[in-house]
Amino acid sequence: MIIRENQEIELTYTGFEILKLLAKHPGIVFSKEQIYDIVWKESYSGDYNIVMSHIRNIQEKIEDNPSKPIYIQTVWGVGHRFNKNLTTFSKLCV
């Protein structure tokens with residue numbers, strides 16, 4: 001369950017698993033290939049845009065401004081990470 005500012009946020013199972021992976025490892029950058037392999041528990045040789053789609057959906061639900069995300073950050077050309085500079089999860093509980 002995700003709670004943000006006392007409101008429950010519904011995520012798909014896959015979205016929740018991606019968020020949980022990133023939140024458990026703040027500051028660690030995961031490539032979309034790594035995210036897919038870990039969350040889907042299989043190697044994927046096709047299009048990784050499905051990961052990007054899930055990331056965007058998560059950001060739209062948990063961020064105040066999805067175009068300037070605070071929680072899930074994109075490291076261009078590398079992947080995604082959960083913001084390591086957040087000292088508390090006062091606004092977001094995973």
Side-chain angles (χ1 to χ4, degrees):
M1 172 178 13
I2 306 298
I3 298 178
R4 184 174 182 271
E5 297 178 352
N6 295 321
Q7 291 187 331
E8 186 174 332
I9 298 172
E10 291 187 33
L11 294 176
T12 64
Y13 173 80
T14 303
F16 180 80
E17 290 299 311
I18 291 170
L19 180 58
K20 184 171 73 170
L21 170 67
L22 297 176
K24 282 186 171 184
H25 306 281
I28 304 295
V29 180
F30 289 89
S31 70
K32 55 190 171 190
E33 293 86 359
Q34 289 173 309
I35 293 170
Y36 189 93
D37 291 350
I38 293 166
V39 172
W40 276 263
K41 297 178 177 63
E42 63 184 17
S43 293
Y44 184 67
S45 59
D47 186 4
Y48 289 101
N49 285 332
I50 190 165
V51 174
M52 302 301 297
S53 177
H54 281 286
I55 297 279
R56 276 191 300 274
N57 288 337
I58 297 165
Q59 288 173 324
E60 287 174 9
K61 291 182 178 187
I62 68 170
E63 301 284 356
D64 287 332
N65 183 353
S67 64
K68 294 183 180 180
I70 294 170
Y71 296 106
I72 298 178
Q73 301 173 319
T74 300
V75 179
W76 295 107
V78 182
H80 300 279
R81 68 178 173 209
F82 197 86
N83 187 343
K84 69 178 179 181
N85 296 321
L86 296 177
T87 55
T88 67
F89 296 109
S90 60
K91 293 178 80 178
L92 181 68
C93 298
V94 179

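The structure displayed is predicted, hence computed values, not measured ones. Computed over heavy atoms, backbone and side chain alike; hydrogens, waters and symmetry mates excluded.
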Exercise. Is atom CD of Glu42 surrounded by more than 12 heavy atoms (other residues, nucleotides or ligands) closer than 6.0 Å?
Worked result: yes
Exercise. Cluster question for you: counting only ILVMFWY and a side-chain heavy-atom cut-off of under 4.5 Å, with indirect links fine, are Val78 and Val39 together?
Worked result: no
Seminar exercise, completed: Here the gap from Ile18 atom CD1 to Phe82 atom CZ, rounded to the nearest 0.5 Å, amounts to 14.0 Å
For this session: Check whether any side-chain heavy atom of Tyr71 lies under 4.5 Å from a side-chain heavy atom of Leu19, and answer yes or no.
Result: no
Exercise. How would you list, by chain and number, every residue that makes a side chain to side chain contact (heavy atoms under 4.5 Å, CB included) with Asn57, sequence neighbours excluded?
Worked result: Ser53, Glu60
Problem set entry | Worked check of side-chain contact (heavy atoms from CB on, under 4.5 Å) between Thr12 and His54 | CA-CA 9 Å; Thr12 64; His54 281 286; 4.0 Å; yes
For this session: Could you verify whether a donor N or O on one side chain and an acceptor N or O on the other, from Thr74 and His80, lie under 3.5 Å apart?
Result: yes
Problem set entry | Distance, nearest 0.5 Å, that separates CZ of Arg56 from CD of Gln59 | 9.0 Å
Exercise. Can you check whether Ile3 reaches Ile9 side chain to side chain, under 4.5 Å on heavy atoms?
Worked result: no
For this session: To the nearest 0.5 Å, tell me how far Lys32 NZ sits from Ile35 CD1.
Result: 10.0 Å
Exercise. Tell me, do Phe30 and Val51 make a side-chain contact under 4.5 Å, heavy atoms counted?
Worked result: no
Seminar exercise, completed: So CD of Glu63 and CD of Gln73: to nearest 0.5 Å the spacing works out to 8.5 Å
Exercise. Taking C-beta and beyond as the side chain, do Ile55 and Leu22 meet within less than 4.5 Å on heavy atoms?
Worked result: yes
Problem set entry | Non-hydrogen atoms of Pro26 and Asn83 that approach each other most closely | CB-O, 4.2 Å
Exercise. Do Lys61 side-chain atoms and Glu10 backbone N/O form a donor-acceptor pair below 3.5 Å?
Worked result: yes
Exercise. In the single-linkage hydrophobic clustering (I, L, V, M, F, W, Y; side-chain heavy atoms under 4.5 Å), do Ile50 and Met52 co-cluster?
Worked result: no
Exercise. Are Leu21 and Trp40 connected in the hydrophobic side-chain network, where two residues link if heavy atoms are under 4.5 Å apart?
Worked result: yes
Exercise. Are Arg81 and Val75 close enough that some pair of their side-chain heavy atoms sits under 4.5 Å apart?
Worked result: yes
